[in-house]
Amino acid sequence: MSENHPNGFLKYRRSPIGYRDPAIRTADYLPVYDADWAPQRMREQGGRCMDCGVPTCTAGCPIGNLIPDWNDLVHRGRWREALERLQATNNFPEFTGYTCPAPCEPACVLATNDEAVTIKSLERAIVDMGWRQGWIVPKPPIARSGKAVAVVGSGPAGLACAQQLNRAGHRVTVFERDDVIGGLMAYGIPDFKFAKTQLARRVDLLGREGIEFRTGCEVGGDVPLASLRAGFDAVCLAIGAQTPRDFDVPGRRLAGVHEAMDYLRCENRRQAGRPVAQAIDAGGRDVIVLGGGDTGADCVATAHRQHAASVTQVAIDAPRPLARADDNPWPWWPKTQQSSYALDEGGQAEFNLHCAAFIDGDADGRVDEVRFERVRWQHDATGRRSGKTVIDDDVRLPAGLVLIATGFTGPRLDRLACAELVADAGGRLPSDDAMMTSLPGVFVAGDARRGASLVVWAIGEGRDCARAIDRYLSGDSALPASLRSAGRPLGG
Ligand SMILES: Cc1cc2nc3c(=O)[nH]c(=O)nc-3n(C[C@H](O)[C@H](O)[C@H](O)COP(=O)(O)OP(=O)(O)OC[C@H]3O[C@@H](n4cnc5c(N)ncnc54)[C@H](O)[C@@H]3O)c2cc1C
Ligand code: SF4
């Protein structure tokens with residue numbers, strides 16, 4: 001692709017699509033990001049791309065998005081072609097353009113001594129433009145293969161797999177145990193991070209392409225897996241990895257101590273006007289969020305919007321270094337301490353605190369305090385925690401609501417009631433090189449195979465699994481392989 005912006009990075013400073021003012025955005029559940037962006041500004045940002053001979057940004061993106069190509073097309077104002085290039089590798093660019101942590105950006109060559117190209121903002125701008133202009137339309141297959149595939153789970157992995165298989169002409173039915181399609185995009189990721197209108201629009205388009213959706217249908221419960229195997233030519237299990245890590249300390253069963261996912265799901269349902277079995281509300285309470293990761297950050301941000309009296313996010317580990325360590329060079333994902341959008345909105349961060357007990361001081365059955373040990377960790381050669389020194393065994397924080405966001409251990413295989421499907425030690429459902437489980441014709445994709453991960457990885461897994469299933473059904477496949485299957489991207 002010819003160049004017309006050799007010095008764009010010298011001319012323009014990095015200017016990503018920003019966030020709304022925290023004081024304003026915490027008063028509502030609208031997207032935290034600026035609603036709009038100026039096309040001219042995005043053209044300048046695209047012009048900062050150096051179109052490197054070896055595009056390390058593409059290697060940093062788990063689906064191998066053709067980033068330099070669409071940067072250049074945006075710079076030239078050829079938005080529609082940019083959209084086509086983006087859609088060549090990404091089924092749902094609005095999922096990633098709004099939620100991806102963008103491992104591509106620290107892998108940008110400019111990031112070695114300057115500010116990276118605003119790749120995620122450009123991706124969002126292209127897909128926003130595509131929807132606004134009416135360029136994103138259903139593309140049903142021209143011919144049907146006569147084969148039928150059941151996809152179990154409707155998160156980004158299941159939806160990407162379904163769309164790819166449908167494009168290859170196979171009849172696809174998606175089975176979802178929840179009452180809405182979307183997986184964690186629907187119930188998990190808060191509305192202010194990803195507006196559910198965007199999800200509904202995409203699901204509607206998939207339906208118009210010919211994909212059938214069955215909600216409220218649990219495979220293993222409402223429908224036996226065996227009947228799917230008998231009724232379909234192949235099955236893809238894209239069932240996520242939503243089993244919460246067990247957290248068994250004294251007082252765990254007190255009222256006011258909840259799993260993060262129960263809390264976030266409850267708020268998603270409330271925002272959608274759906275009934276909520278057990279309302280969990282942070283209003284007026286001192287909130288402790290256990291877990292320093294992204295799920296914890298989403299709890300912090302939700303608590304702000306519910307008018308918590310105070311919010312503290314507690315990490316068990318020490319804060320990460322501010323700059324890359326010697327063994328973590330460019331272009332790998334930087335293992336550095338990052339601020340989160342949620343703590344930018346308010347609240348405290350605590351580190352090196354190990355939760356020891358939930359305390360009900362006034363014996364009314366509800367948590368009042370959390371007791372921690374302040375610790376210093378020892379690590380083994382692989383970086384895993386191998387021992388601890390307790391510096392203070394009685395650190396107490398007031399708590400009217402505790403949210404446990406300490407990670408996930410894998411898929412809920414018990415629900416499938418199938419003795420052959422057993423998770424490995426890491427909680428992942430094993431598969432062969434063709435993504436097939438030990439059950440012939442039953443494939444696995446997304447968090448269920450990889451462990452709890454990212455939306456972009458789930459999309460890549462879904463695409464690769466569709467190709468594997470297409471090969472299984474047809475002997476070959478014209479569906480594209482993602483970068484993941486060609487080699488190992490740079491992390492994230
Ligand atoms: C709170 C939270 C916030 C996150 N934020 C981000 C973010 O900002 N950016 C990012 O990149 N990633 C984020 N993630 C991670 C991301 O959401 C996941 O990696 C991704 O959704 C995984 O996709 P998946 O399709 O594999 O599984 P899921 O999205 O978990 O979907 C699995 C689906 O399978 C269904 N299912 C399970 N078992 C059955 C069954 N037996 N029968 C029928 N249906 C079944 C489930 O109901 C679910 O709908 C976040 C995760 C959480 C928990
Ligand atoms: S999907 Fe994520 S990693 Fe890939 S280009 Fe978009 S923001 Fe970057």
Side-chain angles (χ1 to χ4, degrees), residues 57-58 60-67 70 86 89-90 92-93 95-108 116-124 126-127 150-161 174-190 193-194 214-223 225 228 237-242 244 260-261 263-265 268 293-299 302 333 341 405 407-408 411-417 444-462 483 489-490 492:
C57 54
T58 290
C61 170
I63 46 178
N65 272 344
L66 304 166
I67 298 164
W70 37 262
L86 177 54
T89 52
N90 191 349
F92 313 123
F95 291 11
T96 46
Y98 282 80
T99 71
C100 191
C104 54
E105 292 190 5
C108 170
V117 173
T118 69
I119 300 168
K120 179 179 170 181
S121 296
L122 285 155
E123 183 172 34
R124 176 190 148 182
I126 295 167
V127 71
V151 173
V152 185
S154 69
L159 294 182
C161 185
V174 177
F175 293 84
E176 170 55 57
R177 71 164 178 230
D178 267 326
D179 56 355
V180 72
I181 294 295
L184 288 172
M185 303 296 300
Y187 290 146
I189 297 181
K193 250 173 71 178
F194 186 71
R214 293 203 200 151
T215 51
C217 189
E218 177 163 20
V219 173
D222 307 294
V223 185
L225 180 59
L228 288 195
L237 298 176
I239 54 177
Q242 295 189 24
M261 285 308 297
Y263 176 64
L264 294 174
R265 186 184 167 85
N268 285 139
D294 293 342
T295 302
D298 289 345
C299 291
T302 303
W333 177 255
Y341 78 99
F408 302 93
R412 304 268 325 253
L413 295 172
D414 55 319
R415 315 287 266 206
L416 292 175
V444 57
D447 278 8
R449 199 182 84 94
R450 208 185 130 70
S453 183
L454 296 173
V455 169
V456 62
W457 275 106
I459 294 173
E461 288 261 328
L483 182 77
L490 296 169

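When a ligand or atom number is given, it counts from 1 through the structure's own listing order. Numbers here are sequence positions counted from 1. Because the structure is a prediction, the values reported are computed rather than measured.
Scanning for ring pair (Phe, Tyr, Trp, His ring centres under 6.0 Å) contacts around Tyr263 gives an empty result, with sequence neighbours left out. Scored by the ring pair (Phe, Tyr, Trp, His ring centres under 6.0 Å) test, Phe408 finds no partners at all (sequence neighbours excluded).
Ion pair Arg415/Glu218 flagged as a salt bridge, since at least one NZ, NE, NH1 or NH2 atom sits closer than 4.0 Å to an Asp/Glu carboxylate oxygen. Note on Arg449 versus Asp447: no salt bridge recorded, every NZ/NE/NH1/NH2 to OD/OE distance being 4.0 Å or above.
For atom 6 (Fe) of ligand 2, protein N/O/S neighbours under 2.8 Å (waters excluded) are Glu123 OE1.
The backbone N or O of Gly446 lies less than 3.5 Å from a partner atom in the side chain of Glu461, making a donor-acceptor pair. Although no hydrogens or angles enter the test, the distance criterion places a donor-acceptor pair under 3.5 Å between the side chain of Thr96 and the main chain of Pro93.
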May I have every N or O pair linking ligand 1 to the protein at under 3.5 Å, one per line with atom names and distance?
from	atom 1	to	atom 2	distance (Å)
ligand 1	5 (N)	Lys193	NZ	3.2
ligand 1	8 (O)	Thr99	O	3.3
ligand 1	8 (O)	Lys193	NZ	2.8
ligand 1	9 (N)	Thr99	O	2.8
ligand 1	11 (O)	Val455	N	2.9
ligand 1	12 (N)	Val455	N	3.4
ligand 1	19 (O)	Asp447	OD1	3.1
ligand 1	19 (O)	Asp447	OD2	3.1
ligand 1	19 (O)	Ser453	O	3.1
ligand 1	19 (O)	Leu454	N	3.3
ligand 1	25 (O)	Pro156	N	3.3
ligand 1	25 (O)	Ala157	N	3.0
ligand 1	26 (O)	Asp447	N	2.8
ligand 1	29 (O)	Leu184	N	3.0
ligand 1	30 (O)	Gln242	NE2	2.9
ligand 1	38 (N)	Arg177	NH1	3.2
ligand 1	41 (N)	Val219	O	2.8
ligand 1	42 (N)	Val219	N	2.9
ligand 1	44 (N)	Arg177	N	3.1
ligand 1	47 (O)	Glu176	OE2	2.6
ligand 1	47 (O)	Arg177	NE	3.3
ligand 1	49 (O)	Glu176	OE1	2.6
ligand 1	49 (O)	Glu176	OE2	3.0

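Within the 4.5 Å cutoff, no side-chain heavy atoms of Val117 are placed close to those of Cys57.
Side chains of Arg450 and Ser453: a donor-acceptor N/O pair is present below 3.5 angstrom, by distance only. A donor-acceptor contact closer than 3.5 angstrom links the side chains of Asp298 and Tyr341.
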